[in-house]
Amino acid sequence: MGGFLSFVKKETLHILRDSRTMLIALLMPVAQILLFGFAVSTEINNLNVAVVVPQWSEDIRQSVEKLSANPYITYKGSITPGEIDQWLRSGRTDAIVVFASDFDRLINQWKQTGTSETAMQFVMDASNTNIAQAGAGYLTNILAGELMSSASMVETHMLFNPQMKSAFNFVPGIMGMIFILICAILTSVSIVREKETGTMDVLLVSPVRPMRIILAKMMPYLALSCINLTTILLLARYVLGIPMGHNLWIVIIISLVYFALALSLGLLISTIAKKQIVALLVSAALMLLPIVMLSGMLFPIENMPAVLQPLSAIVPARWYIDAMRKLLIQGASWNLVFQDFIILVGMTIAILGIALKNFNDKLE
């Protein structure tokens, strides 16, 4: 046991002396959380809107006042029908509301009978689909929402994320990516570096068993991941305002399993790669790209092509991110994330078994 702790201490001191590794391991989670929480956002906070009004009336004037008073709308004024294309192409406006010439009559008819011809049109710049979709929703809620609710008595309640903040969606994804980076990529590069410089052979002939040496090299990265988990949770709660549930102990348990899975992936990569650059390339190809594209971090899995949806099931981050969203944002209980937990445990056992077998084969 004393030899194992000595190797843990040796690897810890090695990491502490490597300022670049420490900078990446400790500051990257903070930078990612702040970047995705504030700078990178899918929310539309400012929509430039102009109007086309054939003939002004009191109802149209009230509708335009609603637009100009909304904090998410920048009212650009009234233009003529011939200027619509020019304004959209030049970027002076993102959307244009075209009122019908008999707007008042159509609105009164709709209130009385519930049926009407088109009273207004939204002309959107769909070159940016996020702006177009969000803008259409904003304009519908502002201009038609009051009429629709008065006629149909429909109420909409947003649960868990009522303000539709994109940071709530990004934080679990960042967690899934960061822990893979630290546990898997840095661990694999560390072991391959020992092999590349020849010091691994010296370590393996020491009295300590080879697997204890490998585990000792993994322990500091596990500790770094625990520190980053604490940092991310604190930033998510007190900086981004994510209303975490009360089951943080479940978050910790599932995160520890994910750490073990990521460390196993790092060990597996180290048995394949002989050079650090190869380890980095394999890590990027096998983990980073699938995490970003197939885990549901940025794109909903349900929207993927049918052929890619089963493929996403073998991406470990998919199940971890799904569990973190349920726990941190929805405040879900243990039974709702038990399936994710079992899948992560199964993946950990399988990958660790393959990695240990490959490592032992290399030694023999």
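Below, each value reflects all heavy atoms present in this structure, side chains not excepted, and no hydrogens, waters or symmetry copies. Note that the structure is predicted; figures quoted are calculated from it, not measured. FYI, the numbering just counts along the sequence from 1.
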A.B. asks: Do Trp319 and Tyr258 have ring centroids that are under 6.0 Å from one another?
C.D. replies: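 No, the ring centres sit 6.0 Å or more apart.
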A.B. asks: With a 4.5 Å cut-off on side-chain heavy atoms, are Gln32 and Ile178 touching?
C.D. replies: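 A side-chain contact exists here, since the closest heavy-atom pair is under 4.5 Å.
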A.B. asks: Can you list every salt bridge (Lys or Arg N to Asp or Glu O under 4.0 Å) pair that touches residues 324-335, not counting sequence neighbours?
C.D. replies: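 Qualifying pairs, neighbours excluded: Asp322-Lys326, Lys326-Asp340.
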A.B. asks: What pair of heavy atoms forms the shortest contact from Met347 to Pro316, and how long is it?
C.D. replies: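 Closest approach of Met347 to Pro316, heavy atoms only: SD-CA, 3.8 Å.
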A.B. asks: Show every donor-acceptor pair shorter than 3.5 Å between a side-chain atom in residues 227-244 and any protein atom, with sequence neighbours excluded, or say none if there are none.
C.D. replies:
residue	atom	partner	partner atom	Å
Asn228	ND2	Ala25	O	2.8
Asn228	ND2	Leu224	O	3.2
Thr230	OG1	Cys226	O	3.1
Thr231	OG1	Ile227	O	3.0

A.B. asks: So, using side chain to side chain donor-acceptor pair (under 3.5 Å) as the criterion, who are the partners of Gln276 when residues are at least two apart?
C.D. replies: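 Applying side chain to side chain donor-acceptor pair (under 3.5 Å) to Gln276 gives Glu196.
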A.B. asks: CG/Leu261 to CG/Leu344 distance, rounded to the nearest 0.5 angstrom?
C.D. replies: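 That separation rounds to 6.5 Å.
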A.B. asks: As an exercise, state the distance from CG of Leu35 to CD1 of Ile174, rounded to the nearest 0.5 Å.
C.D. replies: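 The CG atom of Leu35 sits 7.5 Å away from the CD1 atom of Ile174.
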A.B. asks: May I ask whether Ile254 and Met175 are part of the same hydrophobic cluster, defined by side-chain heavy atoms of I, L, V, M, F, W, Y residues being less than 4.5 angstrom apart, directly or through others?
C.D. replies: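 Both belong to a single hydrophobic cluster.
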A.B. asks: Could you go through residues 289-296 and list every donor-acceptor pair under 3.5 Å that involves a side-chain atom there, pairing it with any protein atom two or more places apart or in another chain?
C.D. replies:
residue	atom	partner	partner atom	Å
Ser295	OG	Ile291	O	2.2
Ser295	OG	Met297	N	3.3

A.B. asks: Partners of Tyr75 by ring pair (Phe, Tyr, Trp, His ring centres under 6.0 Å), sequence neighbours excluded?
C.D. replies: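 Counting only residues at least two positions away or on another chain, Tyr75 forms no ring pair (Phe, Tyr, Trp, His ring centres under 6.0 Å).
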A.B. asks: Could you list the residues that satisfy side-chain contact (heavy atoms from CB on, under 4.5 Å) with Asn70, not counting sequence neighbours?
C.D. replies: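 If we apply the side-chain contact (heavy atoms from CB on, under 4.5 Å) test to Asn70, skipping adjacent residues, the hits are Tyr72, Ile73, Ile142.
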A.B. asks: Quick one: pull up CD1 in Ile250 and CG in Leu328 and give me the separation to the nearest 0.5 Å.
C.D. replies: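 Rounded to the nearest 0.5 Å, the CD1-CG separation comes to 11.0 Å.
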A.B. asks: What's the separation between atom OG in Ser264 and atom CG in Leu352, rounded to the nearest 0.5 Å?
C.D. replies: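 CG of Leu352 is found 4.0 Å from OG of Ser264.
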A.B. asks: Which residues satisfy the side chain to side chain donor-acceptor pair (under 3.5 Å) test with Ser333, sequence neighbours excluded?
C.D. replies: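 By the side chain to side chain donor-acceptor pair (under 3.5 Å) rule, Ser333 matches Asn335.
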A.B. asks: Write down the atom of Ala332, the atom of Asn247, and the distance for their closest heavy-atom approach.
C.D. replies: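 Looking at all heavy atoms of both residues, the closest pair is O-ND2, 3.0 Å.
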A.B. asks: Could you go through the side chain to side chain contact (heavy atoms under 4.5 Å, CB included) check for Leu327 and Leu336 one step at a time?
C.D. replies: CA-CA 9 Å; Leu327 292 169; Leu336 295 179; over 6 Å; no
A.B. asks: For Leu280, which residues count as a side-chain contact (heavy atoms from CB on, under 4.5 Å) partner, sequence neighbours excluded?
C.D. replies: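 Partners of Leu280 by the side-chain contact (heavy atoms from CB on, under 4.5 Å) criterion, ordered by chain and then number, come out as Ile185, Val189.
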A.B. asks: Do Asn46 and Thr74 pair up side chain to side chain, a donor and an acceptor below 3.5 Å, judged on atom types alone?
C.D. replies: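 There is such a pair between these side chains.
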A.B. asks: Which residues pass the side chain to side chain donor-acceptor pair (under 3.5 Å) test with Arg61, not counting sequence neighbours?
C.D. replies: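 By the side chain to side chain donor-acceptor pair (under 3.5 Å) rule, Arg61 matches no residue at all.
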A.B. asks: Is there a path of hydrophobic side-chain contacts, each under 4.5 Å between heavy atoms, that joins Leu88 and Val53?
C.D. replies: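 Per the 4.5 Å side-chain linkage, Leu88 and Val53 are not co-clustered.
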A.B. asks: Looking at residues at least two apart in the chain, or sitting in another chain, which of them share a side-chain contact (heavy atoms from CB on, under 4.5 Å) with Glu83?
C.D. replies: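 Result, side-chain contact (heavy atoms from CB on, under 4.5 Å) vs Glu83: Ile79, Thr80, Trp87.
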A.B. asks: Do Ser101 and Gln55 have side chains that get closer than 4.5 Å, going by heavy atoms?
C.D. replies: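 Ser101 does not reach Gln55 side chain to side chain.
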A.B. asks: Quick one: CE on Met177 to CD1 on Ile180, what's the gap to the nearest 0.5 Å?
C.D. replies: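 Rounded to the nearest 0.5 Å, the CE-CD1 separation comes to 11.0 Å.
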A.B. asks: The test is side chain to side chain contact (heavy atoms under 4.5 Å, CB included); show your working for Val51 and Ile96 and say whether it passes.
C.D. replies: CA-CA 5 Å; Val51 298; Ile96 297 174; 6.0 Å; no
A.B. asks: For residues Pro310 and Val307, report the shortest heavy-atom separation together with the two atoms involved.
C.D. replies: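 Between these two residues, the closest heavy atoms are CD-O, 3.7 Å.
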A.B. asks: Go through the steps for Leu181 and Leu186 under the test side chain to side chain contact (heavy atoms under 4.5 Å, CB included), then give the verdict.
C.D. replies: CA-CA 7 Å; Leu181 286 173; Leu186 294 184; over 6 Å; no
A.B. asks: Roughly how far apart are Gln121 CD and Leu139 CG, rounded to 0.5 Å?
C.D. replies: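 Going from CD on Gln121 over to CG on Leu139, the span is 13.0 Å.
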A.B. asks: Looking at Thr93 and Asn48, would you say the former's side chain and the latter's main chain have a donor-acceptor pair under 3.5 Å?
C.D. replies: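 Flag set: sc Thr93 to bb Asn48 pair under 3.5 Å.
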A.B. asks: Considering residues at least two apart in sequence or located in another chain, which fulfil the side-chain contact (heavy atoms from CB on, under 4.5 Å) criterion with Ile342?
C.D. replies: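 Partners of Ile342 by the side-chain contact (heavy atoms from CB on, under 4.5 Å) criterion, ordered by chain and then number, come out as Phe338.
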A.B. asks: Is there a path of hydrophobic side-chain contacts, each under 4.5 Å between heavy atoms of I/L/V/M/F/W/Y residues, joining Val52 to Val64?
C.D. replies: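 As far as the 4.5 Å side-chain criterion goes, Val52 and Val64 are not connected within one cluster.
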A.B. asks: Counting only heavy atoms not in Gln309, do more than 12 fall under 6.0 Å of its CD?
C.D. replies: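 Atom CD in Gln309 is crowded, with more than 12 foreign heavy atoms closer than 6.0 Å.
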A.B. asks: Yes or no on side chain to side chain contact (heavy atoms under 4.5 Å, CB included) for Ile301 and Arg318, after CA distance, side-chain angles and deciding distance?
C.D. replies: CA-CA 9 Å; Ile301 295 174; Arg318 168 185 172 174; 3.3 Å; yes
A.B. asks: How close do Pro172 and Met324 get, counting heavy atoms only, and between which atoms?
C.D. replies: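 Residues Pro172 and Met324, closest heavy atoms: CB-CB, 3.8 Å.
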A.B. asks: Only one of Leu263, Thr271, Leu265, Ile269 passes side chain to side chain contact (heavy atoms under 4.5 Å, CB included) with Ser188; say which it is.
C.D. replies: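 Per the side chain to side chain contact (heavy atoms under 4.5 Å, CB included) rule, the option paired with Ser188 is Ile269, out of Leu263, Thr271, Leu265, Ile269.
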A.B. asks: Find out whether Lys76 and Val49 are in side-chain contact, i.e. whether some heavy atom of one side chain is under 4.5 Å from a heavy atom of the other.
C.D. replies: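 In short, these two side chains do not touch, never coming nearer than 4.5 Å.
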A.B. asks: What is the minimum heavy-atom distance between Val192 and Ala273, and which atoms define it?
C.D. replies: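 So the minimum-distance heavy-atom pair works out to CG2-O, 3.9 Å.
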A.B. asks: Is there a path from Trp56 to Val98 through hydrophobic residues (I, L, V, M, F, W, Y) whose side chains come within less than 4.5 Å of each other?
C.D. replies: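 Cluster IDs for Trp56 and Val98 differ.
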A.B. asks: With Phe259, which residues qualify under ring pair (Phe, Tyr, Trp, His ring centres under 6.0 Å), at least two apart?
C.D. replies: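 Residues passing ring pair (Phe, Tyr, Trp, His ring centres under 6.0 Å) with Phe259: Phe179.
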A.B. asks: Is there a donor-acceptor contact under 3.5 Å linking the side chains of Ser255 and Tyr320?
C.D. replies: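 Side chains of Ser255 and Tyr320: pair found under 3.5 Å.
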A.B. asks: Given side chains that start at C-beta, do those of Ile33 and Phe170 come closer than 4.5 Å, heavy atoms only?
C.D. replies: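 Contact flag for Ile33/Phe170 side chains = no.
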A.B. asks: Do Leu67 and Ile84 belong to the same hydrophobic cluster, where Ile, Leu, Val, Met, Phe, Trp and Tyr are linked whenever their side-chain heavy atoms lie under 4.5 Å apart, directly or via other members?
C.D. replies: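 No, Leu67 and Ile84 fall in different hydrophobic clusters.
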